Number of protein chains: 2
Amino acid sequence: MVLSKTCNHALRATLYIAAAPDRTFVPIGEIADQLGISFHFLTKILQILTQEGILRSFKGPNGGVAFARPAAEISILEIIIAIDGPALMEKCLLGLAHCSDEHPCPIHSQWVRIRSRLQNLFADTSLKKLADRVHHQGYRLADR
Amino acid sequence: MVLSKTCNHALRATLYIAAAPDRTFVPIGEIADQLGISFHFLTKILQILTQEGILRSFKGPNGGVAFARPAAEISILEIIIAIDGPALMEKCLLGLAHCSDEHPCPIHSQWVRIRSRLQNLFADTSLKKLADRVHHQGYRLADR
DNA sequence: TATATTTAAGATATAGGAGTCTTAAATCTT
DNA sequence: AAGATTTAAGACTCCTATATCTTAAATATA
Ligand code: FES
Ligand code: FES
């Protein structure tokens, strides 16, 4: 798969926050319930995003998580790299070490093309942009 | 990652066979040695391709594996699907069930575009095409 | 026929990702 | 101050991909 399951959870959760009506903090329990993700597991995932400076959090009643910066300025590429690391954008499609133009594998040039399209898509797509589609066009963030 | 490690091995092994000088059967031990893959593991992987009708095999001295059809007629998509299954070309980027135009997630339309480019690349790329690059342009199939 | 070579098949082990559980810390409400 | 709510952190379990090991079956050669 292109993105890990953990990364799927992270993206859906951040999109949920971005699509939520204006609230200071959104409790993780609510996100987990709405998206059908294990609460403890999601807590751990969002902790990473908090540590990365993408989210900020607040403990106690009325606490939860929120974006550290406006959702319009956070690309999904940031989320993907925070969770899955940069491998997707760097590694050889055949699994060889050191993907590079200097020592290409036979599929390298074609793969690099598609990969950079993908990277551009991820870099140019903000959480807000996608959240608006959820909010206005009813696109889904959960099964069913 | 896009392709599993098992799939990487399968692709590199089949490319090795396709790039090998004209021989009836190539022993798995030789492939494993040349590509730095565990012999027993590679055996198991190539067994799947044999069962799928992509390779044929022959036991005993001078035995090994060979293509069931000309390498020019085998796309790397076939290898990928035989090993990793069709998930890459079918599943939602956000991990939701039933990726479809009818019930899209917010990134669906962009993902489908890139995914179909990828599928076209894989479907249009034969093992022979890539093997020729190894043979004639010295592109690598193994580390270093 | 005996031996060596090679794939087939299945059991077993290892590692990492995914998910659960428990306890602690911070904050609010009463 | 006490209790309820919520995130933080770490230990632990579970599952799957990856890898290894062992034995069997087929085939060639001598
Ligand atoms: S070297 Fe294989 S994709 Fe770049
Ligand atoms: S529904 Fe998510 S990519 Fe198609």
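Because the structure is a prediction, the values reported are computed rather than measured. Quick note on labels: first sequence line is chain A, next is B, and so on, each numbered from 1.
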### Summary
Rounding to 0.5 Å, atoms CG (A:Asn120) and CZ (A:Arg115) come to a distance of 12.0 Å
### Message
Which residues in residues 27-47 of chain A have a heavy atom closer than 4.0 Å to any atom of DNA chain C?
### Response
A:Ser38, A:His40, A:Phe41, A:Lys44
### Task
May I ask whether A:Leu88 and A:Ile114 are part of the same hydrophobic cluster, defined by side-chain heavy atoms of I, L, V, M, F, W, Y residues being less than 4.5 angstrom apart, directly or through others?
yes
### Task
May I ask you to decide if B:Ala131's main-chain N or O and B:His135's side chain share a donor-acceptor pair within less than 3.5 Å?
no
### Query
Are the side chain of B:Arg56 and the backbone N or O of B:Phe67 linked by a donor-acceptor pair below 3.5 Å?
yes
### Message
Expected output is a numbered-order residue list: members of residues 58-70 of chain A with a heavy atom under 4.0 Å from any atom of DNA chain C. What is it?
### Response
A:Phe58, A:Lys59, A:Gly60, A:Pro61, A:Asn62
#### Entry: Side-chain donor/acceptor of A:Ser116 to backbone N/O of A:Arg113, under 3.5 Å
yes
### chain B contact limits on DNA chain D, taken 5' to 3' with a cut-off of 4.0 angstrom to heavy atoms
D:dT18 to D:dT29
### Backbone of A:Ile74 reached by a side-chain donor or acceptor of A:Arg69 within 3.5 Å
no
### Task
Give a yes or no on whether A:Met89 and A:Met1 share a hydrophobic cluster (residues Ile, Leu, Val, Met, Phe, Trp, Tyr; joining criterion: side-chain heavy atoms under 4.5 Å apart).
no
#### Entry: Same apolar cluster: A:Phe58 and A:Tyr16, side chain cutoff 4.5 Å
no
### Message
What is the separation between atom CG on A:Asn8 and atom P on C:dG17, rounded to the nearest whole Å?
### Response
15 Å
### Query
Does the gap between the ring centers of B:Tyr139 and A:His108 come in under 6.0 Å?
no
### Query
Nearest 0.5 Å, what's the CG-CG distance between B:Leu93 and A:Leu3?
4.5 Å
